[in-house]
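Labels below follow one simple rule: chain letters A, B, ... track the order of the sequence lines, proteins then strands, and each chain is numbered from 1.
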Amino acid sequence: MSLGGHLLFVIALLPFLGALVPGLMIRAGRTVCAISTAVPTFVALTMLLTLAPAVLRGEVIQGEIEWLPQLGLSVSFFLDGLGLLFACMILGVGLLITLYARFYLSGEDPMGQFYTYLLLFQGAMLGIVISDNILLLLIFWELTSLSSFLLIGYWKHLPEGRQGARMALTVTGGGGLAMIGGMLILGNIAGSYNLTDILQAGEAIRASEWYLPALILILLGAFTKSAQFPFHFWLPHAMAAPTPVSAYLHSATMVKAGVFLMARMWPVLSGTDAWFYIVATTGLVTMVLGALIALFKDDLKALLAFSTVSHLGLLTMLLGFGTEAAAVAAVFHIINHLTFKAALFMTAGIVDHETHTRDIKRLGGLRHLMPVTFVIGTVAALSMAGIPLFNGFLSKEMMLEEASHTTWLDSHYVVPVLATLGALLSVAYSFRFIAHVFLGPVRDDYPHKPHDPPFGMWAAPALLAVLVVVIGLAPFLADGIVAAAASAVTGAELEPHLKIWHGVTPALYMSGIAVLGGLALLALHRPLDRAWLAAPRPEAKAIFDALVAGAVTLTRRITELGHNGAISRYLAIFTVTAVGLGWIAYAGAGLSEPTRGLLPVPPVIAVGWIMLVVATGFVVLQHRQRFLALTVLGVIGLSISAGFAYLSAPDLALTQISVETVTIMLLLLALHYMPQTTPVESSTVRRVRDGAIAGAAGLGVAGLAYAFLRRDIDTISDFHIANSYEGGGGTNVVNVILVDFRGYDTYGEIIVLGIAGFVIYALMHALLDGPAGRRLKNTDYSRNRSRDRHPLMMVVVTRVLMPIAVVVGLYIFLRGHNEPGGGFVAGLVISIALLMQYMASGFAWTQERKKIEYHTMIGLGVVIAGLTGVGSWLAGRPFLTSSYTYVHLPPIEEFELATAALFDLGVFLTVLGAVMLMLYSLSRIARFAGETLNPDPMDFDPRQPAVQPQGER
Amino acid sequence: MELIVASTVGVLTAGGVYLMLRLRTFAVILGLALLSYAVNVFLFASGRLAIDQSPILSKYGDATYTDPLPQALVLTAIVISFGMTAVLVMIGLGAYLEAGSDRIDIDAASEDAAAEDAR
């Protein structure tokens, strides 16, 4: 990557980094805040200008960082003539807007926010024009929609601001979604998501049968963004934004994004009939319609908004023509439109700021009161009208020239006539802007007495007005950039020579007609205005609102169909869908021939199977008798452990048996505080329906299981078996996998288990502090209580068993690496030993003898496991690489010391802590519910009722 | 044997799904427990069945072993599903104690509680 490539990344990042600053700098004052906004923009612009000479020579600067090359995702930027032109516009106007906004925004507006949003938008916009990867481009595209939403709705207290922002987001965001589809198709045809590659694949794309769908989708994105008919309506509503936003987004940058995209894709998509008829026609209609509406708007900004719509239509039409000369005209007009329209918006903002109104009918005669503003506004408006010696004239001439020899459906007249009409209307509203705002007599009923604003406020539009005149008088100055940009658009080497006088051409006549006709229209404005107001017109906002309301109703209906708050419905839908998808997959591909035979079934197993099926049936049928169902659930668990043991999985059998025990204990504890039976609620129909769903799911899963059990697979386990002893130092492959090969997974899992323990603990506390706690206190559970809660026999037996159980646990833990066992099982065994003490000798008695908090145990376990893993870094090995050695200490048998055992210790501690914390939390609830305390075990006293100590919770 | 395992998975799944479609938390918890069994056996079976081939390396020369990887995965799955069941039990218990009803769909549950409060 060249130095230029690196610079591109910096340029792309600068606005985003800069966006962090103004929000903070506002504390240092408004001017400092504005300067802190201008600095990143200025730096980016300077960097850009250092790259400019190379680009103007025709070089393309590229920079790329690969991210997910397999998916075609990379962060890549490139800068060619077109990108340079737009980037200069974005940053240059951004600077002017920063200056202008400093004076425009009042003291009550949160200026820091404004500048932050502005820089975010600037970064997004800049990203669009220099992205090389189209997926990246799409991200920036959506970012402009989002950041413009924030900017348009900047005045949050104004309802029209909020509505306008929503409308803009809906329309441009929706278009963006369509464009994503189009871009993906394009990338698919070209085989790459890099613009530079796609631009080379123009012929393949145009020949593809997917060309038209892609074209329409992409154009939807471009048309919505660039406010083309019939999506033009959002732009005038977005005028509720502060004027700097309108000047920046709605004249210079965002609305040009659509035009930019069409220009960018020009070599790929243009040159077909579909392109010409869709793009040129839309542009033509938009141009005339926008200009017509603009003429009758009384709001200054609405007039400018529709005029922008009209000019965007002009640009679209030029790109739609698909000729190189039209592309040159379009590029040139992009520059010209930027200069005069941004100046006009700022002028309108100044007028609004000074007179407190934007209503043209209440203005007039301002040239005497605001001479500077008058000059700036007039120069810009004359350029917009296309009067000679101003830059608007030049590009308009080029447009008319192109229009004059364009045929549309074999007609030589449609395009030239309509183009002339557009130009004529454009003259009319431009002159109206001058005449009805600045000319005429001074009035005495302005809402506020106006005068010229401070220099800072008119400096920016004045600079643009100077550009208007300079380009208008010396168009050759723009030759270089126009040539570079137009060459980039067309993909051909173009060297246009921009000049004022082209001789007496058809375009000149058309211009003449336009100017005269425009003046005539202005003279007739009053009666025409009355007729316009009387004529029925469709109100875009009402239609849009109705559409949105309809969409909302529809989605609500669909949502309520699936999401009615009943989890059983989601589960049913999910199950049916999963079974259905499984069926489709099966029906589509079928099955291969079985490759494995069946293993024999010994009678014991058959009996066990029958037991399990009967038990399951019993649980399902008798689930209303909760206690009974729970007990039988244990039978199922034990049968499964037996099955694991038979099918060569001793570790699983051990784990299953111990988990089974604690699960049943946990459920029994919980059941104590819940209703003992489930009432009959579902109708027979519902039960049959659920039975059918369940049956289908069972059949599907059974079929799937049977299908894969009969077929062989390639497994990666041979590696594990081969390396278990040499690499992991253990002969129990399952344990070695847990603590070594897949130690990362295990580490994650114990953390999850620990979190589950904490969640339960936290839930318990939250519950006991809420209404549940009160309910518990007020419910009498004593009738369920045995008078002999701590039977003598059980206490004695558990006491005797305790050391034995601990030794067994220790044994299982130590041998885990080589024989069935390990940290998981050992943790569970020890917790069962402890639970026995709780149950037999009572909660308080056991709690008093507990030395380590269970929280600490979980934490300790995770830390030990983690440190063991980190330890292997110190030896220069990857995380969790184990090492081991064998030790012989007489009289004990030779045994192994491995770091894996340390990791297993962490697992052991976490499992123990989590299980105990869960059961401890449930017992806390028991104490809360009025369970008595027994500091001494064996508190049986048949003569006395159980003692309720005071003040204990 | 394959049929036995497959049908076990099927029966457990069917029972689990049926119970999970019930309207009370306790039935759903039972259903989830059944479903956890089913999933664990299913995953375990993906290593194919073998008898007397425990993945404990033999000291006495060559031997064949069953696939240890699914076993390792299922081992942690058993422990994790215990954690999940425990959390669910606690949530169910909490919901019952807070709302005074162990119904699982929101509207009916609040109606039950309202009825109880009225009493």
Side-chain angles (χ1 to χ4, degrees), chain A residues 565-568 571-572 575 598-599 601 609 613 616 620 623 626 629 633 640 647-652 655-656 659 663 666 670 673-674 678 681 690-691 694-695 697-699 701-702 705-706 709 715 717 720-721 725 731-734 737-738 749 753 756 759-760 763 767 771-772 775 824 918, chain B residues 1-2 4-15 17-21 23-24 26-27 30 33 37 41-42 45-46 48-57 65-69 71-72 74-76 78-80 82-83 85-87 89-90 93-94 96-98 102 104-107:
Chain A
I567 190 175
S568 38
L571 284 173
T575 312
L598 292 171
L599 292 174
V601 184
W609 178 75
V613 172
T616 312
V620 169
H623 74 271
R626 294 182 171 182
L633 192 70
I640 288 174
L647 290 171
S648 319
D651 280 286
L652 289 190
T655 317
Q656 181 71 52
V659 162
T663 310
L666 179 93
Y673 303 100
M674 295 175 88
T678 307
E681 279 171 325
D690 290 351
L699 273 179
V701 176
Y706 186 68
L709 278 173
T715 158
S717 300
H720 295 138
I721 292 171
Y725 189 70
T731 53
N732 180 0
V733 186
V734 173
I737 291 177
L738 282 176
E749 271 148 10
L753 195 68
V759 164
I760 288 177
L763 263 175
L767 275 179
R775 201 182 285 266
F824 276 108
M918 289 169 187
Chain B
M1 196 69 215
E2 275 75 9
I4 295 261
V5 172
S7 60
T8 303
V9 173
V11 167
L12 289 172
T13 310
V17 168
Y18 180 79
L19 286 179
M20 284 184 77
L21 292 175
L23 297 172
R24 298 279 173 163
F26 198 77
L30 286 181
Y37 292 142
V41 175
F42 184 87
S46 70
R48 308 303 185 262
L49 306 182
I51 295 166
D52 291 337
Q53 297 179 13
S54 306
I56 313 287
L57 298 182
Y65 304 104
T66 185
D67 193 343
L69 191 59
Q71 293 194 16
V74 170
L75 199 151
T76 49
I78 293 175
V79 180
I80 293 280
F82 163 71
T85 311
V87 171
V89 165
M90 197 67 191
L93 182 60
Y96 170 65
L97 292 174
E98 291 269 329
D102 62 348
I104 49 168
D105 31 0
I106 301 153
D107 294 340

Note to self: At a 4.5 Å cut-off on heavy atoms, which part of A:Thr663 comes close to chain B: side chain, backbone, both, or neither?
What the structure shows: both
Checklist line | Minimum heavy-atom distance B:Tyr96-A:Tyr673, with the two atoms named | finding: CE2-O, 3.0 Å
Notebook entry, point to check: Could you state the interatomic distance from CG (B:Leu30) to CG (A:Leu633), rounded to the nearest 0.5 Å?
Noted result: 6.0 Å
Margin query: So, taking the atom named CD1 in B:Ile56 and the one named CG in A:Asp651, what distance separates them when rounded to the nearest 0.5 Å?
Written below: 5.5 Å
Margin query: Main chain of B:Asp52, side chain of A:Ser648: is a donor-acceptor contact present, judged purely on distance under 3.5 Å?
Written below: yes
Note to self: Can you tell me which portion of A:Tyr706 sits under 4.5 Å from chain B's heavy atoms? Options are side chain, backbone, both or neither.
What the structure shows: both
Check: Of all of A:Leu763, A:Val620, A:Val613, which one pairs up most often with chain B through heavy atoms under 4.5 Å apart?
Finding: A:Val620
Check: If you count heavy-atom pairs under 4.5 Å with chain B, which of A:Ile721, A:Thr678, A:Thr715 comes out on top?
Finding: A:Ile721
Check: CE/A:Met674 to CZ/B:Arg24 distance, rounded to the nearest 0.5 angstrom?
Finding: 9.5 Å
Margin query: Minimum heavy-atom separation for A:Ala670 and B:Leu93, please, with both atom names.
Written below: O-CD1, 3.9 Å
Note to self: Rounded at 0.5 Å granularity, tell me how far CG in A:Leu599 sits from CD1 in B:Ile51.
What the structure shows: 5.0 Å
Check: Which heavy atom in A:Leu652 sits nearest to a heavy atom in B:Gln71, and how many Å separate them?
Finding: CD2-O, 3.4 Å
Notebook entry, point to check: Roughly how far, to the nearest 0.5 Å, is the NE2 atom of A:His623 from the CG atom of B:Leu19?
Noted result: 6.0 Å
Notebook entry, point to check: With respect to chain B, which residue among A:Leu647, A:Thr616, A:Val601 yields the maximal number of heavy-atom pairs within a distance under 4.5 Å?
Noted result: A:Leu647
Checklist line | Residue B:Val74 versus chain A: region with a heavy atom under 4.5 Å | finding: both
Next item on the list: Considering only heavy atoms and a distance below 4.5 Å, find which of B:Met20, B:Met90, B:Gln53, B:Glu2 pairs most often with chain A.
Entry: B:Glu2
Margin query: For a 4.5 angstrom cut-off between non-hydrogen side-chain atoms, does A:Val701 reach B:Phe42?
Written below: yes
Check: Which atoms form the tightest heavy-atom contact between B:Pro55 and A:Val734, and what is the distance?
Finding: CG-CG2, 3.6 Å
Next item on the list: Output the distance between atom CH2 (A:Trp609) and atom CD1 (B:Ile4), rounded to the nearest 0.5 Å.
Entry: 5.5 Å
Item checked: Residue, of A:Ala629, A:Gly691, A:Ser568, A:Ser717, that accumulates the most heavy atom pairs under 4.5 Å with chain B -> A:Ser717
Notebook entry, point to check: Heavy-atom distance under 4.5 Å to chain A: side chain of B:Ala86, backbone, both or neither?
Noted result: both
Next item on the list: Please name the pair of heavy atoms, one in A:Ala702 and one in B:Gly10, separated by the smallest distance, quoted to 0.1 Å.
Entry: CB-CA, 3.7 Å
Next item on the list: Between chain A and each of B:Val9, B:Leu75, B:Thr66, B:Thr13, count heavy-atom pairs under 4.5 Å; write down the option with the most.
Entry: B:Leu75
Notebook entry, point to check: Does some side-chain heavy atom of A:His720 sit less than 4.5 Å from a side-chain heavy atom of B:Leu69?
Noted result: yes
Note to self: Can you tell me which of B:Asp67, B:Val89, B:Thr8 forms the most heavy-atom pairs within a distance under 4.5 Å of chain A?
What the structure shows: B:Asp67
Notebook entry, point to check: Closest approach of A:Val733 and B:Pro68, non-hydrogen atoms and distance?
Noted result: CG1-CG, 3.5 Å
